[in-house]
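Below: one structure, written as structure tokens.
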Amino acid sequence: MNSMQIRRTGIAVAAAVLLPFSLAACSDSSGDTKAAPAAAGDPAKADESAPADATTMDQPFGPACAGVPKEGAGSFDGMAKDPVATAASNNPALSTLVTAVKKAGLVDTLNNAKDITVFAPTNDAFAKIPKADLDKVLADKATLTKILTYHVVGQKLTPGQLGNGSFETLQKGMVTTKGSGEAYKVNGTAGVVCGNVKTANANVYIIDTVLMPK
């Protein structure tokens, strides 16, 4: 009997010692199972995607942006270092605009202005105007100045502000903007083909049609 009692006592003691460890192991295993989804869940993915979205909103956009040089003074990085008239002179797609700005004597005016927005017509935009009419305008400094300053707003406009906006220009007329995402129109006719281009003193929205003061 003493032997049996000793054996039963030993078994009971062993069970008492091992049971807590067994329960603890089960508890840890269960905890790991529940914790795993939280570590790899959607919140982490959302955190990773948020900065990318924010960065995208601050970048140039539009189909014509693909034609901007990747390097050098005419690239987006290069233009960001120069004032707007100088920056435009380094972009091949804006050579007609630059010629017009020089003829109007507005290079210093634009380069020295602070925090402006320029709606910059491409060479193709100027090509829509009959050559005889364009030559006449380029030869008339007063008219040319009115047209060019109508493309300039005295504040830096973000893409978000273009959604449904109305802004006074340096010519004192008003331009209206509408759109969303990467599609915007100015005065209902000119499309933004490369927007949110930064220069040292301006935000530039390259457009496919020359704006005419009303």
Side-chain angles (χ1 to χ4, degrees), residues 60 62-65 67-69 73-76 78-157 161-162 165-179 184-214:
C65 291
V68 174
S75 66
F76 291 129
M79 292 178 72
K81 298 174 183 177
D82 291 323
V84 65
T86 301
S89 70
N90 294 318
N91 189 319
L94 300 177
S95 59
T96 305
L97 173 63
V98 171
T99 296
V101 168
K102 289 178 179 178
K103 285 183 175 292
L106 293 173
V107 173
D108 289 340
T109 299
L110 294 177
N111 276 348
N112 294 327
K114 293 183 179 180
D115 298 333
I116 59 175
T117 292
V118 176
F119 294 104
T122 63
N123 295 343
D124 289 341
F126 280 100
K128 292 179 180 180
I129 301 173
K131 188 177 185 304
D133 293 341
L134 179 59
D135 289 343
K136 184 177 180 180
V137 169
L138 290 174
D140 184 343
K141 185 175 180 179
T143 300
L144 184 59
T145 299
K146 288 180 181 179
I147 293 173
L148 294 177
T149 53
Y150 184 65
H151 289 73
V152 184
V153 173
Q155 59 177 304
K156 282 187 176 181
L157 300 177
Q161 290 176 284
L162 301 186
S166 181
F167 309 98
E168 184 177 12
T169 69
L170 297 191
Q171 183 266 342
K172 300 304 181 184
M174 302 295 292
V175 293
T176 59
T177 58
K178 287 188 178 181
Y184 295 92
K185 289 281 189 180
V186 184
N187 285 356
T189 56
V192 174
V193 294
C194 184
N196 205 31
V197 178
K198 306 295 178 59
T199 74
N201 66 328
N203 286 351
V204 178
Y205 294 88
I206 300 174
I207 56 178
D208 63 7
T209 303
V210 177
L211 305 175
M212 292 297 178
K214 297 177 181 179

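Owing to the predicted nature of the structure, the values given are computational and were not obtained by experimental measurement.
In this structure the side chain of L144 reaches within 4.5 angstrom of the side chain of L138, judged on heavy atoms. Between V84 and V152 the shortest side-chain heavy-atom distance does not fall below 4.5 Å. With contacts defined as side-chain heavy-atom distances shorter than 4.5 Å, the pair I147/P213 qualifies. Residues V118 and Y205 have side chains not in contact (no heavy-atom distance under 4.5 Å, counting atoms from C-beta outward). Contact of the L157 side chain with the N203 side chain is not registered, since no non-hydrogen atoms from C-beta on lie closer than 4.5 Å. Inter-residue side-chain proximity for K128 and T209 is flagged as met; some heavy-atom pair is nearer than 4.5 Å. Proximity of F119 to T169: side-chain heavy atoms (C-beta onward) are nowhere separated by under 4.5 Å. In this structure, the side chains of N187 and Y150 come closer than 4.5 Å at one or more pairs of heavy atoms.
For the side chain to side chain donor-acceptor pair (under 3.5 Å) with T96, the lone residue among T122, D124, N123 that qualifies is N123.
To the nearest 0.5 Å, the span separating CG on L106 from OG1 on T149 amounts to 7.0 Å. Taking CG of L134 as the reference point, atom CZ of F126 lies at 7.0 Å (rounded to 0.5 Å). Rounding to the nearest 0.5 Å gives a distance of 9.5 Å between CZ of F76 and CG of N196. Distance check, rounded to the nearest 0.5 Å: OG1 of T199 to CE of M79 gives 7.0 Å. C194 SG to I207 CD1: the interatomic distance, rounded to the nearest 0.5 Å, is 12.5 Å. In this structure, the separation between CG on N91 and CG on D82 is 12.0 Å, given to the nearest 0.5 Å.
Summarising the geometry of D208 relative to G191, their closest heavy-atom pair is OD1-N, 2.8 Å, with the distance given to 0.1 Å. Residue L97 comes nearest to P121 through the heavy atom pair CB-O, 3.9 Å, listed as atom of the first residue, atom of the second, then distance. Looking at every heavy atom in both residues, P60 comes nearest to V197 through CB-CG2, 4.4 Å. A pairwise comparison of heavy atoms in V107 and A85 identifies O-CB, 3.9 Å as the closest pair. The heavy-atom pair separating S166 from T176 by the smallest distance is OG-CG2, 4.1 Å. The nearest pair of heavy atoms linking T117 to Q155 is OG1-O, 2.6 Å.
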Would you check, one step at a time, whether the test side-chain contact (heavy atoms from CB on, under 4.5 Å) holds for H151 with V210?
CA-CA 9 Å; H151 289 73; V210 177; 3.9 Å; yes
Dump the intermediate steps for side-chain contact (heavy atoms from CB on, under 4.5 Å) on L211 and Q171, then the final yes or no.
CA-CA 12 Å; L211 305 175; Q171 183 266 342; over 6 Å; no
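The environment of K198 atom NZ is dense: over 12 non-hydrogen atoms of other residues, nucleotides or ligands sit within 6.0 angstrom. For K178, the NZ atom sits in a loose shell: 12 or fewer heavy atoms of surrounding residues, nucleotides or ligands are nearer than 6.0 Å. For NZ of K156, the number of neighbouring non-hydrogen atoms (other residues, nucleotides, ligands) closer than 6.0 Å is greater than 12.
Salt bridge status for D140 with K136: absent, with no side-chain N to carboxylate O gap under 4.0 Å.
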